[in-house]
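Below you'll find the structure, written out as structure tokens, and then a few comments.
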Number of protein chains: 2
Amino acid sequence: MNDPTKERILDAAERMFAENGVAATSLRAIMKEAGANMAAVHYHFGSREGLLEALMARRAEPVNRRRLELLDAIEQRHLRGVIPAEDIVRAFCAPALEMLGDPQRRHVSRLIGRIVMEAPDSAAMTRIFGTTARRFVSAIQRAAPHITEDEAWVRLHFMVGTMVFTLTAPRSPVCDPSMSVDTQTVLEQLIAFASAGLAAPCAAESGKE
Amino acid sequence: MNDPTKERILDAAERMFAENGVAATSLRAIMKEAGANMAAVHYHFGSREGLLEALMARRAEPVNRRRLELLDAIEQRHLRGVIPAEDIVRAFCAPALEMLGDPQRRHVSRLIGRIVMEAPDSAAMTRIFGTTARRFVSAIQRAAPHITEDEAWVRLHFMVGTMVFTLTAPRSPVCDPSMSVDTQTVLEQLIAFASAGLAAPCAAESGKE
DNA sequence: GTCTATAAGGAGATAGAC
DNA sequence: GTCTATCTCCTTATAGAC
């Protein structure tokens, strides 16, 4: 890269935010890991918040672009009629999960999980995920025509929760090194679970029993 | 209560951990909210970690006991044969979700979500949730006899992720900001989604397309 | 049991040399 | 662009009066 120090800071921040959480990781720890000093992060990113935004721009936005590319391809294959729920889950989850299997890049996937998990209400989140979310809600409605738009939003939310917890939870099969489950298997299990959930019958109007 | 200050500290900590996250909330902010001083928390709980453990004992453990009571009742109703997946999701999620609708107790539900989500060390988590998790894995296998025990663990994990994300980010930007937060409706939608996921066909062995 | 006061160190941010 | 040194505020934790 043109700017090795800047890249080293981004890489170290990514790794530490992903492993320990964003709120629990200090700039000092990141700079020590990056082999640079406190002043460098302020020179390159202005502040801790600026660093976090740079990380999102570098990782979350490309993942969302990939999701929309995959969704475009699905909609091209199903110009009318019902879209398979499996395809929707795959288009949404594969771009975020596919780096988990590579020890060199697994922290990229986990960072995405941390960001979504820890900062669900921020304006930056809406800016980055808003368009993607709206597109996927429309797709979910075409996969499950029996549900309302409100319920499609809720089901997208459930799918995101399932994926994010899988990306970040310490005892997750994808994060616990003692459980040798490979990424492809986890993705297929996630697709089996979440696609059945997306296409499920409508929720009962009140307590059913 | 016998010890108003201790209770006030627990209440304030619960509220602030739930709303802002555990790692992001300082003892100082908690003591200010509780109207007490820094020394009190060390007198009553020894340390920040001790306070967190007291919170877990007060809230997470009773929720798990309630889950197991409900699961016992279900197993009594289905001494042999298949257990409905809806019943399992309801037994697991209702005790954690039921306080969301009450503004006075909503933070109790959210705290449980935060604790599971941030999972500071897996040892305490295993101690508190281990027994409950094993019982529910057995129940999931009786609701979905076609899946392996390993896959039952993964599906329990997915269900937990769906619930926890709902508890902690009920107004996530991935959802319509105007979406309903009526607790009973959310619970029924969660049951519809997760029970379909629990009972879903086996995951594909490899990429299906 | 609860307080004040303070220790001892970590946090993010900045000035200015090179 | 990167460094050292430092500022100011905040953190958990403790000692000791009452």
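Numbered from 1 within each chain, the chains take letters A, B, ... in sequence-line order. Nothing here was measured: the structure is a model prediction, and the numbers come from that model.
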Would you call B/Glu149-B/Arg134 a salt bridge at under 4.0 Å N-O?
->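 Salt bridge flag = no for B/Arg134 with B/Glu149.
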Does the pair B/Asp11/B/Lys6 count as a salt bridge with the N-to-O cut at 4.0 Å?
->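 Result for this pair is no, no salt bridge flagged.
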Which pairs, with at least one residue in residues 84-115 of chain A and sequence neighbours excluded, count as a ring-ring contact (aromatic ring centres under 6.0 Å, His included)?
->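 Only A/Phe92-A/Phe136 qualify under ring-ring contact (aromatic ring centres under 6.0 Å, His included).
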Any ring-ring contact (aromatic ring centres under 6.0 Å, His included) pairs touching residues 50-76 of chain A, not counting sequence neighbours?
->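 Listed once each, the pairs would be none.
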Output the residues of residues 26-44 of chain A in contact with DNA chain D, where contact means a heavy atom of the residue under 4.0 Å from an atom of the strand; sort by number or write none.
->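 Listed by number, they are A/Ala36, A/Asn37, A/Ala39, A/Tyr43, A/His44.
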Have a look at the helix from C/dG1-D/dC18 to C/dC18-D/dG1 and give the angle its two end axes make, five pairs each, rounded to 10 degrees.
->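 Overall, the helix from C/dG1-D/dC18 to C/dC18-D/dG1 bends by 0° from one end axis to the other.
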Apply the test salt bridge (Lys or Arg N to Asp or Glu O under 4.0 Å) to residues B/Glu75 and B/Arg135: give CA-CA distance (whole Å), side-chain angles for both, the deciding distance (0.1 Å), then the verdict.
-> CA-CA 11 Å; B/Glu75 290 177 342; B/Arg135 284 285 311 277; 2.9 Å; yes
Side-chain donor/acceptor of [X] to backbone N/O of [Y], under 3.5 Å:
| X | Y | answer |
| --- | --- | --- |
| B/Arg67 | B/Ala91 | no |
| A/Arg110 | A/Leu167 | yes |
| B/Thr25 | B/Met16 | yes |

Can you measure [X] atom [atom1] to [N] atom [atom2] for me and round it to whole angstrom units?
| X | N | atom1 | atom2 | result |
| --- | --- | --- | --- | --- |
| B/Leu51 | D/dA13 | CG | P | 10 Å |
| A/Arg8 | D/dG1 | CZ | P | 14 Å |
| A/Arg48 | C/dG10 | CZ | P | 16 Å |

With sequence neighbours excluded, residues passing side-chain hydrogen bond (donor to acceptor under 3.5 Å, both in side chains) with A/Arg59 =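 So A/Arg59 forms a side-chain hydrogen bond (donor to acceptor under 3.5 Å, both in side chains) with A/Glu14.
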Tell me which residues in residues 10-19 of chain B put a heavy atom below 4.0 Å from DNA chain C, sorted by number, or none.
->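 Correct list: empty, so none.
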Distance-only side-chain donor-acceptor flag, A/Thr5 / A/Arg8, under 3.5 Å =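 Judged by distance alone, the side chains do pair up.
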